[in-house]
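So that the names make sense, note that chain A is the first sequence line, chain B the second, and so on, each numbered from 1. Quick caveat: nothing in here was measured; it's all calculated off a predicted structure.
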Amino acid sequence: MSSLAGELSRIAGAAFVAEGLAEELGRVAASDRPDLAQFQCNGALAAAKAAKANPRAIAEKIAARLKAEPIFSKVEIAGPGFLNLDLTDAALDARAATLMDDKTLGAPGTGAGKTLVLDFGGPNIAKPMAVHHLRSTIIGDCLQRLYRANGWNVVSDVHLGDWGLQMGQLITEIESMGTAPIYFDPNVVGPYPEESPVSMEDLETIYPRASAACKADPARLEAARRATVDLQAGRPGYRALWRHFVKVTEVGLTREFGALGVKFDLWNGESSVDSLIPSMLEDLKARGLTEVSEGAVVVPVAQGDDKKPMPPLILVKSEGGVLYGTTDLATVIERVRDYDPDLILYVVDHRQHGHFEQVFRAAEKANLRGRAHLEHVGYGTMNGPDGKPFKTRAGGAMKLFDLIEMGKAEAEKRLAEQGIGADYSIEERAEIARKVGIATIKFADLSNHRTTDYIFDLERFSKFEGKTGPYLQYAAVRIQSMLRKAREQGAEIGAPAIHSAEERRLILQLLSLGDLMASAEEKRAPNMLCEYAFELAQNFSRFYNEHHVLSEADPALKAARLGLCALVLAVLTRVLDLLGIEVPERM
RNA sequence: GCACCCGUAGCUCAGCUGGAUAGAGUGUCGCCCUCCGAAGGCGAAGGUCAUAGGUUCGAAUCCUAUCGGGUGCGCCA
């Protein structure tokens with residue numbers, strides 16, 4: 001760890017070791033009480049507890065050693081044995097200057113040499129993306145950006161839902177429509193038409209109808225199950241039709257992911273592992289890991305110490321079809337084979353926790369996961385103002401695309417209210433509205449802790465005041481504007497130097513970015529990035545309110561302040577980028 | 001029924017590998033623009049951290065029970 005807190009932890013750790021205590025006790029973190037100190041170390045309390053000794057006595061010994069270190073301007077013992085630490089301004093200035101030259105802005109490098117497979121998005125074929133995909137997409141994309149910034153080799157996979165019962169439902173519905181008989185004629189094995197018999201718009205109406213029909217009529221459901229088995233078994237007409245579904249859907253998905261600025265390395269899906277499934281089943285059976293239960297092939301995953309019933313993972317249904325548990329397990333094999341990852345994260349709705357527990361247990365039991373740690377990164381639901389899952393006014397599921405349009409429209413409204421860009425071109429105004437609208441939605445989503453449900457309130461999220469995406473964009477734009485003016489003046493931009501409490505506070509926060517990125521990674525917690533960005537903007541506003549930069553007469557002081565502004569802008573822009581939020585040139 | 005998650009300021013939410021006076025946004029009420037974008041800054045008010053016990057020098061954080069809300073529990077994803 002090359003961060004400032006890491007450096008201090010090493011110094012304090014050495015002091016603990018010199019006293020015959022554990023190095024980990026020297027962990028130094030930003031102080032909970034900034035009014036008392038910049039940093040704190042609580043190791044003496046923990047040490048005293050373990051040794052049943054007097055915490056203050058231990059703290060005294062550690063403090064005596066720390067006082068010999070030139071980096072500290074203050075070493076104090078407070079309360080029962082807290083060590084309060086301040087650094088000299090010279091030490092902070094030196095590190096700020098280093099940070100300015102560091103393209104990574106202090107990124108922790110936690111992922112050096114490590115590979116992450118990140119499974120998120122998970123849209124379904126023939127269905128438009130609904131808002132619950134929004135969370136997976138936005139959270140997953142943020143993690144993708146964060147892990148990359150931290151040095152991980154990241155392989156992201158959209159993992160389409162393209163192989164399950166819905167496919168059979170669509171196929172049977174289209175068969176009953178009678179509009180594309182060639183795909184159902186058993187005497188035809190191809191070639192089939194290049195042109196899809198259905199458009200995305202068609203599918204959007206066909207799927208709900210098919211789904212409802214299967215719900216209402218057991219015979220229809222049975223037919224859909226059979227069609228699914230036939231599709232998975234390779235029936236040519238079904239495969240051809242299915243390929244049209246996939247192709248047509250991907251066009252729409254590309255549009256929506258593009259609008260959100262989200263990219264995937266792999267456009268794989270459940271179907272991608274189709275060819276791996278027979279050998280996997282054979283292997284598991286040969287090793288005695290499967291059994292037949294009620295006509296289905298399953299892997300028992302219950303353990304003796306389970307506190308709840310743990311059903312087996314079903315690999316093959318009684319009528320012969322496979323489920324997403326089957327494809328998920330095969331996908332583990334594929335990912336281990338192709339990437340040998342250290343970590344596989346699944347960014348999926350927390351309601352599927354039980355499913356992943358089954359899959360992970362099966363992967364463990366069958367020794368399929370290589371060295372990868374498998375983890376379900378769950379998230380809560382996005383709710384409407386009534387606290388129930390977000391719906392349209394008509395009561396249907398809200399589509400992601402419509403939500404994005406709403407965000408953009410709201411941004412346009414707000415921008416017009418503020419009289420922003422009245423003299424800009426229509427194109428630039430639209431571009432600003434796009435960036436602001438996306439920022440509104442993303443920041444609102446990411447700033448909530450991912451595991452809890454949250455209430456989507458566009459009115460509140462789109463405000464330019466308070467903890468919102470647009471506010472942060474504005475803060476960045478304002479600094480850009482100032483630096484532009486400085487350039488026009490030909491002013492010099494130097495290294496930051498502390499001359500005031502506001503500057504000190506700002507520099508301390510800038511120097512903590514690396515630790516923040518490491519914590520956010522460890523907890524898979526985008527909301528920590530949001531919190532940091534907002535605090536940075538606030539700290540900057542305080543500084544900005546107290547110190548005039550462009551009119552500063554002392555050239556050295558002016559250069560240092562401009563340098564600080566430039567560094568704040570760089571860090572703020574970086575954090576927003578990690579959140580997937582773009583900053584307009586002006587607004 | 002069993003299991004998991006959650007109950008923190010009027011509202012929306014952080015904080016939860018135990019640590020000092022529980023934070024932020026919003027809303028309410030005061031101040032602060034002849035100056036870099038006030039979309040801002042400063043300050044005040046607002047809390048028995050659901051309730052009751054327990055562990056601990058120390059609990060919003062860990063344990064137990066209760067109440068309230070959400071979710072899941074074999075051939076959907």
**OP:** For the pair A:Arg484 and A:Glu488, find out whether any cationic side-chain nitrogen is under 4.0 Å from an anionic carboxylate oxygen.
**Re:** no

**OP:** Between A:Asp32 and A:Tyr471, name the one whose nearest nucleotide on RNA chain B is closer to the 5' end.
**Re:** A:Asp32

Original post:
To the side chain of A:Gln166, which of B:rA77, B:rC36, B:rG41 is closest?
Top reply: B:rA77

**OP:** When you get a sec, tell me which of B:rA77, B:rC36, B:rG72 is the closest nucleotide to the side chain of A:Glu270?
**Re:** B:rA77

**OP:** Identify whether a stacking contact exists between A:Phe534 and B:rA24, where the ring centres must be under 5.5 Å apart and the planes under 30° apart.
**Re:** no

Subject >> Span that lies between the P atom of B:rA24 and that of B:rA44, in whole angstrom >> reply: 11 Å

Original post:
When you match A:Gly325 and A:Gly79 each to their closest nucleotide on RNA chain B, which lands nearer the 5' end?
Top reply: A:Gly79

Protein-nucleotides 54-60 of chain B N/O pairs under 3.5 Å:
from   : atom 1 : to      : atom 2 : distance (Å)
B:rG58 : O6     : A:Lys49 : NZ     : 2.3

**OP:** For A:His547 and A:Ser500, test the side chains for any donor-to-acceptor distance below 3.5 angstrom and give the result as yes or no.
**Re:** yes

Original post:
Is there a donor and acceptor pair, one atom on the side chain of A:Thr381 and one on the base of B:rG70, closer than 3.5 Å?
Top reply: no

Original post:
Do A:Asp328 side-chain and B:rA77 base share a donor-acceptor contact under 3.5 Å?
Top reply: no

Original post:
Picking from B:rU26, B:rC73, B:rG40, which would you name as closest to the side chain of A:Pro311?
Top reply: B:rC73

Original post:
Given B:rG37, B:rU71, B:rA24, which nucleotide is nearest the side-chain atoms of A:Gln538?
Top reply: B:rA24

**OP:** Look at all strands and tell whether A:Leu165 reaches a base, only sugar-phosphate, or nothing, counting heavy atoms closer than 4.0 Å.
**Re:** sugar-phosphate

Subject >> Separation between the P atoms of B:rA3 and B:rU17, rounded to whole Å >> reply: 24 Å

Original post:
Does A:Tyr544 lie flat on the base of B:rC36, that is, centres under 5.5 Å apart and planes under 30° off?
Top reply: yes

Original post:
Between B:rC76, B:rG74, B:rU26, which one does the side chain of A:Lys317 approach most closely?
Top reply: B:rC76

**OP:** Indicate whether the side chain of A:Lys365 and that of A:Gln303 have a donor and an acceptor atom separated by less than 3.5 Å.
**Re:** no

Original post:
For the pair made of NE2 in A:His548 and P in B:rG41, what is the distance, rounded to whole Å?
Top reply: 16 Å

**OP:** Name the nucleic acid region contacted by A:Met587, choosing base, sugar-phosphate or nothing; use a 4.0 angstrom heavy-atom cut-off, strictly under.
**Re:** base

**OP:** Determine the Euclidean distance between corresponding P atoms of B:rA65 and B:rC73; express it in Å to zero decimal places.
**Re:** 24 Å

Original post:
Counting side-chain heavy atoms from CB outward, which of B:rG37, B:rU26, B:rC75 is closest to A:Ala296?
Top reply: B:rC75

**OP:** Tell me what A:His547 touches on the nucleic acid: a base, only sugar-phosphate, or nothing, going by heavy atoms under 4.0 Å.
**Re:** base

**OP:** Starting at atom OH of A:Tyr474, determine the distance to atom P of B:rG40, rounded to an integer number of angstrom.
**Re:** 8 Å

Subject >> Validation row: A:Leu446, A:Asn527 side chains within 4.5 angstrom (heavy atoms) >> reply: no

Original post:
How long is the span from the SG atom in A:Cys565 to the CD1 atom in A:Ile493, to the nearest 0.5 Å?
Top reply: 8.5 Å

Original post:
Which nucleotide in the list B:rA20, B:rA38, B:rC36 gets nearest to the side chain of A:Lys485?
Top reply: B:rC36

Original post:
Tell me, for nucleotides 3-17 of chain B in 5' to 3' order, what letter each nucleotide earns: B for a base near a protein heavy atom under 4.0 Å, S for only sugar-phosphate near one, - for neither?
Top reply: SS-------SSSS--

Original post:
So which of residues 557-564 of chain A are in contact with RNA chain B, with a heavy-atom cut-off of under 4.0 Å?
Top reply: none

**OP:** Could you work out the separation of B:rG54 and B:rA59 based on their P atoms and round it to a whole Å?
**Re:** 12 Å

**OP:** Could you work out the separation of B:rG25 and B:rG40 based on their P atoms and round it to a whole Å?
**Re:** 10 Å

Original post:
With sugar-phosphate meaning primed atoms plus P, OP1 and OP2, does A:Glu319 contact a base, only sugar-phosphate, or nothing at under 4.0 Å between heavy atoms?
Top reply: nothing

**OP:** Describe the nucleic acid contact of A:Ser211 in one word from base, sugar-phosphate, nothing, applying a heavy-atom distance below 4.0 Å.
**Re:** nothing

Subject >> Results of ring-ring contact (aromatic ring centres under 6.0 Å, His included) for A:Phe390 - residues two or more places apart only >> reply: A:Phe456

**OP:** Indicate whether any N or O donor in one side chain lies under 3.5 Å from an N or O acceptor in the other, for A:Ser551 and A:His548.
**Re:** yes

Pairs under 3.5 angstrom, nitrogen or oxygen only, protein versus nucleotides 62-67 of chain B, please.
none

Give every donor-acceptor pair under 3.5 Å between a side-chain atom in residues 206-224 of chain A and any protein atom, sequence neighbours left out.
from     : atom 1 : to       : atom 2 : distance (Å)
A:Arg209 : NE     : A:Glu173 : OE2    : 3.0
A:Asp217 : OD1    : A:Ala219 : N      : 2.9
A:Arg220 : NH2    : A:Glu173 : OE1    : 2.6

**OP:** Classify the nucleic acid contact of A:Arg414 as base, sugar-phosphate or nothing, counting any heavy atom under 4.0 Å across all strands shown.
**Re:** nothing

